[in-house]
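Each ligand, and each atom within it, is numbered from 1 in the order the structure gives.
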Amino acid sequence: MIALTRDVPPSIVECELTHRSRCPIDVDRAIAQHESYQATLASLGCTILRLPAAPHLPDSVFVEDTAVVLPDIAIITRPGAESRRPETASMAEALSAYRPLAFVEAPGTLDGGDVLRIGSRLFVGRSLRSNTEGIRQLAALVAPHYFDIITVDLTGCLHLKSAVTQVGDDTLLINRAWVDASPFDGMALIDVEADESGAANALLVGETVVFPAAYPRTRLLLEEYGFDVRIVEADELEKAEAGVTCCSVLVTQA
Ligand code: GLY
């Protein structure tokens, strides 16, 4: 498994914010947390491949939003925030070594953080970043690869994966205050603890759940369910309205 990442730029202090208020970001601390995150992925068997640094693109560390990687194709997105659109070119170049590429075109917009893959289904958040046209284009691009699209509406959070992520084969971690659970009928749902609204963003690497240290009660819950949980410090990056899925794009190799 390859994990595509990109260094934290000093300009992260000017990142896009939608549902969070701006507060000072300690760039050195954010860099240290990001290094530790990459070390965690490496310890779980990922080969880290860093995209070229993009110092003047404030959100460029959040590579997840620039691509959706499936077994036979990679979709290069058109991020909903205009400031983020220059991030996609280097992701396309890197991914072209591993997958045929397809592209979301204007007026469509799509952020990878809105796309949750469960088997052959892609749940896609219709959000302030991903519009109906972007979702329509994604559906057309993935249909030949036997993926179905289920559109999911959100309230109060940036991306679908702020509200729900996969933590096991058939198990999702969810914050129902931000997303309606009915599209996920038939799957086991674990609710985040009431005072840990940001805890639904977890990153599944193999059978290990990479999870932010800031949410100890939900972590305990996951451990009680028997999940293998690996903790990372990510609170400085979270000030940029980001979670643990945002900082990597995972690419499986045959
Ligand atoms: N700061 C993360 C984003 O808004 O895309």
## Note on the structure
Here the atoms of ligand 1 under 4.0 Å from any heavy atom belonging to Glu241 are 2 (C)
### Task
For Ala240, counting its heavy atoms only, list the atoms of ligand 1 lying under 4.0 Å from any of them.
1 (N), 2 (C)
### Message
For atom 4 (O) of ligand 1, what's the nearest protein heavy-atom neighbour? Residue, atom name and distance, please.
### Response
Arg129 NH2, 2.7 Å
### Query
Do the side chains of Ile31 and Asp7 get nearer than 4.5 Å, heavy atoms only?
no
### Task
Find out whether Thr151 and Thr132 are in side-chain contact, i.e. whether some heavy atom of one side chain is under 4.5 Å from a heavy atom of the other.
no
#### Entry: His34 and Tyr37 aromatic ring geometry - parallel, tilted or perpendicular at 30°/60° bounds
parallel
### Message
Could you check whether any heavy atom of Asp59 sits closer than 4.0 Å to an atom of ligand 1, since that is the contact criterion I want to use?
### Response
yes
### Task
Can you figure out which of Glu16, Arg84, Glu14, His159 has its heavy atom closest to atom 5 (O) of ligand 1?
Arg84
### Query
Is ligand 1 under 4.0 Å from a heavy atom in the side chain of Leu158, in the backbone, in both, or in neither?
side chain
### Query
Looking only at side chains, do Thr245 and Asn201 share a donor and an acceptor under 3.5 Å apart?
yes
### In one Ile/Leu/Val/Met/Phe/Trp/Tyr side-chain cluster, 4.5 Å: Ile149, Phe103
no
